[in-house]
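Report on one structure; see the data block that follows.
Model, not experiment: these values are computed from the prediction.
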Amino acid sequence: MDVANLYKKRWLVELFFKWLKQHLKIKRFWGTTENAVRIQISVAIITYCLVAIVQHDMRLERSTYEVLQILSISLTDKTHLRDLFDKTNFNDVKDQFGPLIPGLFD
């Protein structure tokens, strides 16, 4: 019975890390301590949630990935968010900066 419970917990951890890799684009951890890993995962989850809230509240017809890409190249831009998303063509962003823009999730 204990072995089955441990395996279930291990599987949940594996699924969590799979979700992290797919949605948060964490390719490697910057630090090696438990605290460093916890901080990096927390920051990535908070950022993902904030982007999802912006996407939902603005009723954007873009994927979360697109919203992240556009925001990552406009962090210091003072353009209003609505104008930024209305005027930015995602294909232009991909052509200009490649498939993954270096940023928070690299």
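Taking the six-membered ring wherever Trp is involved, the centroid distance between the rings of Phe16 and Trp11 does not fall below 6.0 Å.
Pairs engaging residues 32-54 under the salt bridge (Lys or Arg N to Asp or Glu O under 4.0 Å) rule: Glu34-Arg38 [sequence neighbours left out].
Atom CG of Leu12 and atom NZ of Lys9 lie 9.5 Å apart (nearest 0.5 Å). Interatomic distance, Leu71 CG to Leu50 CG, rounded to the nearest 0.5 Å: 10.5 Å. Between the CG atom in Asp57 and the CG atom in Leu81 there is a gap of 11.0 Å [rounded to 0.5 Å]. Atoms CG and CD1, from Leu60 and Ile70 in turn, are 8.0 Å apart once rounded to the nearest 0.5 Å. In this structure, the separation between CD on Glu66 and CD on Glu61 is 10.5 Å, given to the nearest 0.5 Å. Summarising the geometry, atom CD belonging to Gln69 is positioned 8.5 Å from atom OG belonging to Ser63; distances are rounded to the nearest 0.5 Å.
Closest non-hydrogen pair, Met58 versus Phe85, comes out as CE-CD1, 3.9 Å.
Within the 4.5 Å cutoff, no side-chain heavy atoms of Leu15 are placed close to those of Trp19. Contact annotation: the side chain of Asp83 approaches that of His80 to within less than 4.5 Å [non-hydrogen atoms, C-beta and beyond].
For the side chain to side chain contact (heavy atoms under 4.5 Å, CB included) with Val43, the qualifying choice from Ile41, Thr47, Ile45, Ile46 is Thr47, the only one to do so.
Side-chain N or O atoms of Gln55 include none that pairs as donor or acceptor with a backbone N or O of Val67 at under 3.5 Å. With Gln40 contributing its side chain and Gly31 its backbone, the two residues share no donor-acceptor pair below 3.5 Å. In this structure a side-chain-to-backbone donor-acceptor pair under 3.5 Å is missing from Arg10 to Asn5.
Taking a 6.0 Å sphere around CZ of Arg82, one finds it holds more than 12 heavy atoms contributed by other residues, nucleotides or ligands.
Scored by the side-chain contact (heavy atoms from CB on, under 4.5 Å) test, Gln22 finds Lys18 as partners (sequence neighbours excluded).
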